[in-house]
S.K.: 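Here it is, the structure in full.
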Amino acid sequence: MRGDAHEEIRAHFGSLEAWQAIGDWSTFDVPQPSRVPSLLDHGYDEDLPATAWDADLYRDAADFRGGGLITGDVTRGDIATPLAWTCAHGHIFAASPRLVLTAGHWCPECVRPSVNGQ
């Protein structure tokens, strides 16, 4: 503002007028999240019992996450045997359907330990 840097003002606020229209804290409305509960979509029919889980269900869940199911021969209802999956970035990993669908795990290559993050 002091240096008359109109390009920077436009980059941050659109215009000097838009910045001046922001107002002060007395006009700030604190956003409120919806108080209506909602369920998350996990990419598969969660009402199905595990005994009915099959390759189509696993493909749907993997597709929802941007990946795919590599294992072709899947036994319906066997949720403990590791299957081969691929993530959206092409990493191949093994995980049981129970680990993927109920525990929410996915590609171990893409999920980095948070201690290594910024």
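Owing to the predicted nature of the structure, the values given are computational and were not obtained by experimental measurement.
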S.K.: For atom CD of Gln20, is the number of surrounding heavy atoms from other residues, nucleotides or ligands below 6.0 Å larger than 12?
M.R.: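 Above 12, so yes.
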S.K.: How is the hydrophobic cluster of Leu39 composed, in terms of its other members, when Ile, Leu, Val, Met, Phe, Trp and Tyr link through side-chain heavy atoms under 4.5 Å apart, directly or indirectly?
M.R.: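 ILVMFWY cluster around Leu39 holds nothing else.
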S.K.: Can you find a pair of side-chain heavy atoms, one from Cys87 and one from Arg65, that are under 4.5 Å apart?
M.R.: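 With C-beta onward as the side chain, the pair stays apart.
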S.K.: Please identify each residue that fulfils side chain to side chain donor-acceptor pair (under 3.5 Å) with Asp56, with sequence neighbours left out.
M.R.: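 Here the qualifying residues are Arg59.
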S.K.: Identify, with sequence neighbours excluded, every residue that meets side chain to side chain donor-acceptor pair (under 3.5 Å) alongside Asp73.
M.R.: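 If we apply the side chain to side chain donor-acceptor pair (under 3.5 Å) test to Asp73, skipping adjacent residues, there are no hits.
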S.K.: Please round to the nearest 0.5 Å and tell me the distance separating atom CH2 of Trp19 and atom CZ of Arg10.
M.R.: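 Going from the CH2 atom of Trp19 to the CZ atom of Arg10 covers 15.5 Å.
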S.K.: Could you measure the distance from the NE2 atom of His42 to the CG atom of Asp60? Nearest 0.5 Å is fine.
M.R.: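 So the NE2 of His42 and the CG of Asp60 are separated by 15.0 Å.
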S.K.: Determine which pairs satisfy side chain to side chain donor-acceptor pair (under 3.5 Å) with at least one residue from residues 22-31, sequence neighbours left out, and list them in order.
M.R.: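 For residues 22-31: Asp24-Ser26.
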S.K.: For Ala94 versus Pro82, what's the shortest heavy-atom pair and its separation?
M.R.: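 In terms of heavy atoms, the two residues are closest at CB-CB, 4.4 Å.
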S.K.: Linking Ile, Leu, Val, Met, Phe, Trp and Tyr through side-chain heavy atoms less than 4.5 Å apart, which residues share a cluster with Ile70?
M.R.: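 Besides Ile70, the cluster holds Ile92.
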S.K.: Would you mind listing the cluster partners of Leu57? Hydrophobic ones only (ILVMFWY), side-chain contacts under 4.5 Å, chaining allowed.
M.R.: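 Tyr44, Leu48, Trp53, Tyr58, Leu69, Val74, Ile79, Leu83, Trp85, Phe93, Val100, Leu101, Trp106, listed by chain and number.
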S.K.: Return the set of residues passing salt bridge (Lys or Arg N to Asp or Glu O under 4.0 Å) with Glu109 (not counting sequence neighbours), or none when no residue passes.
M.R.: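 Glu109 satisfies salt bridge (Lys or Arg N to Asp or Glu O under 4.0 Å) with Arg112 once adjacent residues are dropped.
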S.K.: Sequence neighbours left out, what passes side chain to side chain donor-acceptor pair (under 3.5 Å) with Thr81? Give chain and number order.
M.R.: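 Per chain and number, Thr81 pairs via side chain to side chain donor-acceptor pair (under 3.5 Å) with Asp78.
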S.K.: Kindly state each residue pair satisfying salt bridge (charged side-chain N to carboxylate O under 4.0 Å, His left out) with at least one member in residues 80-101, sequence neighbours excluded.
M.R.: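 Salt bridge (charged side-chain N to carboxylate O under 4.0 Å, His left out) check on residues 80-101 returns no pairs.
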S.K.: Show me the pairs that pass salt bridge (charged side-chain N to carboxylate O under 4.0 Å, His left out) and involve residues 38-50, at least two apart or across chains.
M.R.: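 The answer is none; no pair qualifies.
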S.K.: Measure from the side-chain N and O atoms of Thr86 to the backbone N and O of His91, and report whether any donor-acceptor pair falls under 3.5 Å.
M.R.: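 Such a contact is found between Thr86 side chain and His91 backbone.
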S.K.: Restricting to side chain to side chain donor-acceptor pair (under 3.5 Å), what partner residues turn up for Thr51, sequence neighbours left out?
M.R.: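 Side chain to side chain donor-acceptor pair (under 3.5 Å) list for Thr51, sorted by chain: empty.
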S.K.: Can you sort out the partners of Asp54 under salt bridge (Lys or Arg N to Asp or Glu O under 4.0 Å), two or more places apart, ordered by chain and number?
M.R.: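 So Asp54 forms a salt bridge (Lys or Arg N to Asp or Glu O under 4.0 Å) with Arg76.
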